[in-house]
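Just below is one structure, and these are the notes that go with it.
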Amino acid sequence: MASDSSATLEERTDSPAESSDQESAVKTARRQLEDAAAHLDIDPNIVERLKHPTKVQEVTVPIERDDGTVEVFTGYRAQHDSVRGPYKGGLRYQPEVTRDECVGLSMWMTWKCAVMDLPFGGAKGGIAVDPKSLSEAERERLTRRFAEEIRHVIGPTRDIPAPDMGTDPQTMAWLMDAYSMQEGETIPGVVTGKPPVIGGSEGREAAPGRSVAIITRETVDYYSRDLTDTTVAIQGYGSVGANAARLLDDWGATVVAVSDVTGAIYDPAGLDPRSIPSHDEEPEAVMRQDVPETLTNDELLELDVDVLIPAAIGNVLTEDNAGAVEADIIIEGANGPITSAADDIFTRREIPVIPDILANAGGVTVSYFEWLQDINRRSWSLQRVNDELETEMLAAWSDVCDEYEARDVTWRDATYIVALSRITEAHEARGLWP
Ligand code: GLU
């Protein structure tokens with residue numbers, strides 16, 4: 001049976017939140033690029049090129065609704081940069097999807113793939129639609145028609161979509177099928193995040209949460225703390241939040257608070273994350289747990305804990321609440337949970353922030369493993385996926401630590417410097433065509 005394609009909490013990353021200092025994803029991405037470039041001796045012409053996407057496909061996606069009427073949606077695929085390899089990034093189905101948002105998010109994918117040293121560039125796309133307003137049959141028709149409209153710009157060596165907000169493995173299965181039928185052969189490598197039965201990778205769904213846990217463990221160790229003496233609060237209990245919570249608990253940390261859209265639960269003695277169903281396992285189960293105390297999501301963000309992991313939506317830490325945060329370390333589990341103004345406040349307050357493009361990069365890293373398995377027609381065990389993910393995360397962490405220690409910069413800038421150095425070196429080597 002096809003799975004429900006409604007967005008889980010952690011997948012609703014980057015969605016606009018009400019905040020006075022909110023800026024569009026493309027503006028934030030451009031500003032972050034300029035900040036990182038200021039620390040590097042790079043050709044300004046390359047920076048200028050990187051401020052713009054290579055191509056943005058805007059398409060009309062008409063579908064027949066179940067009642068026989070036709071409804072027309074708008075879809076996008078933004079391809080930012082492919083100097084290091086095929087474009088790579090998710091597809092989201094969400095009413096707020098715009099061209100600019102896709103461009104900004106495609107830039108973040110370029111940096112994310114480069115930090116992880118994956119041979120991919122960055123892309124992002126989606127359809128401005130509320131997937132929950134469609135039946136499963138309508139979502140399938142929407143996906144197949146969208147696949148047809150973007151067919152000529154995607155492909156296993158061109159641009160490889162993956163799940164994101166409001167899309168899931170079933171969406172990827174329809175996309176792969178539509179593409180393969182038109183090409184006349186089965187081409188699993190055209191998308192990642194598929195169900196394992198058609199070439200998806202073991203461990204792909206849990207990978208972003210696993211990488212968040214690995215980076216949290218390494219950061220805690222970097223600051224000479226013991227994970228067994230560390231308290232953690234996690235906002236968002238979808239697959240990112242729940243997987244991170246469970247692994248950190250396994251490794252000895254004390255997860256004192258978790259939340260979903262309905263609110264937060266708190267136990268200073270520690271919750272048992274394995275007994276709390278994630279959003280995918282049982283939607284909105286967090287507040288149904290029997291625990292000593294409940295809080296609001298806002299109160300969770302202001303708890304006095306060692307580590308705070310915003311793993312729900314974008315723009316939750318803003319200039320309005322950044323001053324009240326009492327955590328010693330912040331790990332970005334969601335994409336873009338901290339606004340620029342809040343980021344400046346954390347820098348001033350000397351609260352280390354480990355950025356999304358490193359912390360949640362386990363998702364695209366296991367997407368890379370999936371792509372390798374597809375093109376080699378060979379599947380890896382879960383153990384192998386997790387071992388290789390651990391190796392890749394530690395390598396990226398070590399590269400970022402080197403930059404952090406060599407320069408007087410934030411963790412975010414250090415991470416961007418690693419990414420940008422790799423991208424600009426590749427641009428310099430390849431030059432401008434023609
Ligand atoms: N949408 C995910 C992200 O934001 C994964 C992208 C991919 O696997 O290509 O990283």
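As the structure lists them, so they are numbered: ligands from 1, and atoms in each ligand from 1.
- Annotation: Asn360 places no N or O atom under 3.5 Å from an N or O atom of ligand 1; distance criterion only.
- The ligand atoms of ligand 1 that sit less than 4.0 angstrom from a heavy atom of Gly89 are 9 (O).
- With a heavy-atom cut-off of 4.0 Å, Asn335 touches ligand 1 through its side chain alone.
- Ligand 1 has at least one atom lying under 4.0 Å from a heavy atom of Pro163.
- Ring geometry for Trp411 versus Tyr404: interplanar angle under 30°, hence parallel rather than tilted (30 to 60°).
- Compare Lys88, Lys112, Arg92, Met165 by their heavy atoms: the one nearest to atom 10 (O) of ligand 1 is in Lys112.
- More than 12 non-hydrogen atoms from other residues, nucleotides or ligands lie less than 6.0 angstrom from CZ of Arg407.
- Judged as a salt bridge (charged side-chain N to carboxylate O under 4.0 Å, His left out), and not counting sequence neighbours, Glu299 has no contacts.
- Applying the salt bridge (charged side-chain N to carboxylate O under 4.0 Å, His left out) criterion to Asp81, with sequence neighbours excluded, gives no partner residue.
- Side-chain N/O atoms of Thr167 and Arg92 include no donor and acceptor closer than 3.5 Å.
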